[in-house]
Amino acid sequence: MPTQQEQANKTLAIKAFDTLFNKRDFAAAEEYWSPEFVQHSAVTPPGRDGLFNLVRSMPELRYEFGLAMASKNLVVLHGRLTGNGKPRADIVATMLRLQDGVFVEHWDVLQPEATKEEANGRSPMWGDSFPA
Amino acid sequence: VLKAFDTLFNKRDYATAETFWSAKYIQHSSHIEPGRDGLFNLVKSIPATLKYEPGLIVAEGDFVIVQGRFSGMGLPVNWIAADILRVENGILIEHWDVIKDEVTEEQSKSKAPMFGSSFPNYPRPERTVG
């Protein structure tokens, strides 16, 4: 079972992602992301500004939540990004390190969501059904 | 999970690995064929230079998620994977993953390594997956 702190970190991460990606409330989102945020993503420019500006550039962006897990000061989210300006949604595994209640470091892995025809595993990458 | 991955990907000890993977293993990866056989046959088809390095790992309840690097696959680039495993009765029963080419410093938007503390150097970096 997650500790109270781990549960709190998970809840915070979900709220933060909803605030930034879905509500697009950039002022409120600043409370969750450290100004010294270290970005390891291959596709996102450095720092908090790099992330926020990328989100600003994609007005149709939506983040759908899946599995959320926490251990010590790490939170991992399995999510689906649509409205990303690409023909396909991206499935994303997001790893966040928290310090004093804010995100200080981030790693991710993104992959375009496979259709039924493309899926070698024959089971959806995300949720219970394949994308149309 | 770490022991299972090391047994299968690095030691390539398929008999021992069978004790970690359920015969009814459900595969959600877009890359890997269904079932335990699909996974094991894929590993068998990859050159012996295959190496798996685990990175960040988080476990909670029946789920484990591990970030790792696959190299030596006979591809021009390494893969960074987030593997999500569901564990039932002490064995791996269901799997989801997200895979991406490990980018070089030149290719990286953030200019920080996707995995570990340094960037890879490839003779000919070419995209393979997302």
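Labels below follow one simple rule: chain letters A, B, ... track the order of the sequence lines, proteins then strands, and each chain is numbered from 1. This is a predicted model, so every value here is computed, not measured.
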Would you say that B/Lys100 contacts A/Val43 through its side chain, given a criterion of any heavy-atom pair below 4.5 Å between the two side chains? yes
Minimal heavy-atom distance between A/Pro46 and B/Ser110, with the atoms involved, is CG-O, 3.5 Å
Hey, does the side chain of A/Ser71 reach the backbone of B/Ala59 with a donor-acceptor pair shorter than 3.5 angstrom? no
Flag the pair A/Met125 / B/Ser30 as yes when at least one side-chain heavy-atom distance between them is below 4.5 Å, and no otherwise. yes
Is there a path of hydrophobic side-chain contacts, each under 4.5 Å between heavy atoms of I/L/V/M/F/W/Y residues, joining A/Val92 to A/Met69? no
Same cluster or not: B/Val103 versus B/Ile99, using hydrophobic residues (I, L, V, M, F, W, Y) connected whenever any side-chain heavy atoms lie under 4.5 Å apart? no
Shared hydrophobic cluster, B/Met73 / B/Leu42 (ILVMFWY, side-chain heavy atoms < 4.5 Å): yes
First locate atom NE2 of A/His40, then atom CD1 of B/Ile80, and finally report the distance between them rounded to the nearest 0.5 Å. 12.0 Å
Without swapping roles, check the side chain of A/Asn120 against the backbone of B/His31 for a donor-acceptor pair under 3.5 Å. yes
Heavy-atom side-chain contact between A/Met95 and B/Ile65 under 4.5 Å: no
Under 4.5 Å from a heavy atom of chain B, the part of A/Asp108 involved: backbone
So what's closer than 4.5 Å to chain B heavy atoms on A/Val76: side chain, backbone, both or neither? side chain
What distance separates B/Trp96 CH2 from A/His78 NE2, expressed to the nearest 0.5 Å? 8.5 Å
Answer key: most heavy-atom pairs under 4.5 Å with chain A among B/Ala81, B/Gly38, B/Ala82 is B/Ala82
Is A/Leu67 in contact with chain B via its backbone, its side chain, both, or neither, using a 4.5 Å heavy-atom distance? side chain
A/Leu74 to B/Ile57 - nearest heavy-atom pair and separation: CD1-O, 4.5 Å
Could you have a look at A/Gly47, A/Ala42, A/Pro45 and say which one has the most heavy-atom pairs with chain B under 4.5 angstrom? A/Ala42
Nearest heavy atoms of A/Ala70 and B/Val58, plus distance in Å: C-CG1, 3.7 Å
Tightest non-hydrogen contact, residues B/Asp97 and A/Gln111, listed as O-OE1, 4.2 Å
Look at the side-chain heavy atoms of Ile, Leu, Val, Met, Phe, Trp and Tyr, link any pair under 4.5 Å apart, and say whether B/Phe70 and A/Ile91 land in one connected group. no
Quick check: do B/Lys111 and A/Gln39 have side-chain heavy atoms less than 4.5 Å from each other? no
Closest heavy-atom pair, B/Ser108 versus A/Ser41, reported as atoms and distance to 0.1 Å, is OG-O, 4.0 Å
Single-linkage hydrophobic cluster, 4.5 Å side-chain cutoff, B/Val43 and B/Tyr25 together: yes
For the NZ atom of B/Lys109 and the CG atom of A/Leu51, what is their distance to the nearest 0.5 Å? 13.5 Å
Compare all side-chain heavy atoms of B/Glu60 with those of A/Lys10 and state whether any distance is below 4.5 angstrom. yes
Please report the shortest heavy-atom distance between A/Ser123 and B/Ile26, naming the atom on each side. OG-CG2, 3.9 Å
